[in-house]
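Working notes for the structure below.
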Amino acid sequence: MSKPHFVRDYRRKVRNLIDRTADLDTAMSRAVGGNYEAVGRLERDLLLTLGLKTPDYVIDVGAGSGRLASAISDMIGVRYLGTDVVPELLAYARTKCGRTDWRFEVVESLVIPEKDGEADFVVFFSIFTHLTEDECWTYLKEAARVTKSDGKIVVSFLNRDIQHHRAAAGHRLMQWWSRLRGNGLMNTLLGHAALTDWATRLNMTADFDDDNAIGQSVCIFRKRTAQAVSL
């Protein structure tokens, strides 16, 4: 499987941040959008409202520098796998959390390095915002594969039906021009209809929360049954 379209740009962005920023903590916060501790707490609170508990297994796709991982690191007994395309981010996350029982793995493509039906939660915080729709669909299929029959897949996204989300995404042509010049990442807009269609195709339900504190819409996918899904 080929690398996601954004890998080269993102790795270069992070390494440039590290080179230009005297303080590593500041660089690692900026690399994931800033407000490291505050956003991590909001993500933790969202998962707690969805039932996160010990000894649940959380797979954090696009874990970055460990914003969520750091926020839940005090939950003894919770199992965790964080994946990302940037080794420097995961190295920081591993050190920041201090959890030697947790896994942090660099990935080169849209895969989740886990067996079928293992996770209680698979989370994508601010990940679908930077993938193409085809890449989102590929990753969602992977998440469905590794999630337990009673597990949840949590996706935050920029909602094309909300004006300030459209404004945050910016004009698509300007995004592509910025990417071609190596100046930034694409912001993708999704809608309830597309996510609901994907859920149906994967034999899941989709519930939405457009009014939450993390600043993006959230979709919570749940499997309808424990039976295998034919993709």
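Throughout, numbering of the chain's residues begins at 1 and tracks the sequence. Quick caveat, the model's predicted, so the values are computed rather than measured. Atoms considered below: every heavy atom in the structure, side chains included; atoms not considered: hydrogens, waters and symmetry mates.
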Side chain of [X], backbone of [Y]: donor and acceptor closer than 3.5 Å?
X: Asn35; Y: Ala38; result: no
X: Thr54; Y: Ile76; result: yes
X: Ser156; Y: Ser126; result: yes
X: Asp84; Y: Gly64; result: yes
X: Lys13; Y: Ala31; result: no
X: Thr138; Y: Asp134; result: yes
X: Tyr36; Y: Gly66; result: yes

So, taking the atom named [atom1] in [X] and the one named [atom2] in [Y], what distance separates them when rounded to the nearest 0.5 Å?
X: Asn212; Y: Glu43; atom1: CG; atom2: CD; result: 10.5 Å
X: Phe128; Y: Gln216; atom1: CZ; atom2: CD; result: 11.5 Å
X: Asp161; Y: Leu190; atom1: CG; atom2: CG; result: 10.5 Å

Can you name the closest pair of heavy atoms from [X] and [Y] and give their distance?
X: Pro87; Y: Arg15; answer: CD-NH2, 3.9 Å
X: Lys148; Y: Gly117; answer: CG-O, 3.4 Å
X: Gly51; Y: Asp56; answer: O-OD2, 3.6 Å
X: Arg12; Y: Asp9; answer: NH2-OD1, 3.0 Å

Hydrophobic cluster identity match, [X] and [Y], side-chain contacts under 4.5 Å:
X: Val32; Y: Leu17; answer: no
X: Leu89; Y: Val39; answer: no
X: Val86; Y: Leu110; answer: yes
X: Phe221; Y: Trp137; answer: yes

Do the non-hydrogen side-chain atoms of [X] and [Y] ever get within less than 4.5 Å of each other?
X: Phe157; Y: Thr188; answer: no
X: Ile18; Y: Met28; answer: yes
X: Cys136; Y: Trp198; answer: yes
X: Phe208; Y: Leu195; answer: yes
X: Glu114; Y: Arg103; answer: yes
X: Ile153; Y: Met204; answer: yes
X: Val107; Y: Val85; answer: yes

Arg222 pairs by side-chain hydrogen bond (donor to acceptor under 3.5 Å, both in side chains) with which of Thr147, Asp150, Asp207?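 It is Asp207; the other options fail the test.
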Presence of salt bridge, [Y] and [X], under 4.0 angstrom:
X: Arg160; Y: Glu133; result: yes
X: Asp45; Y: Arg41; result: no
X: Lys53; Y: Asp120; result: no

Taking atom types as modelled, find out whether Ser217 and Asp210 have a side-chain donor-acceptor pair closer than 3.5 angstrom.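 Yes, Asp210 and Ser217 have a side-chain donor paired with an acceptor closer than 3.5 Å.
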Which hydrophobic side chains are connected to Leu90, either touching it within the sub-4.5 Å cutoff or through other members that do?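 Other cluster members: Leu42, Leu46, Leu47, Leu48, Leu50, Leu52, Val58, Leu68, Ile72, Met75, Val78, Tyr80, Trp102, Phe104, Val106, Phe121, Val123, Phe125, Val154, Ile214, Val218, Ile220.
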Name all pairs fulfilling the side-chain hydrogen bond (donor to acceptor under 3.5 Å, both in side chains) condition that reach into residues 62-76, sequence neighbours left out, sorted by first residue then second.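 For residues 62-76, and leaving out neighbouring residues, the side-chain hydrogen bond (donor to acceptor under 3.5 Å, both in side chains) pairs sorted by first residue read Arg44-Asp74.
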Could you check whether atom CG of Asp101 has more than 12 heavy atoms from other residues, nucleotides or ligands sitting under 6.0 Å from it?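 More than 12 within 6.0 Å, yes.
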For Glu142, salt bridge (Lys or Arg N to Asp or Glu O under 4.0 Å) partners two or more places apart: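 Checked Glu142 against salt bridge (Lys or Arg N to Asp or Glu O under 4.0 Å); matches are Arg145.
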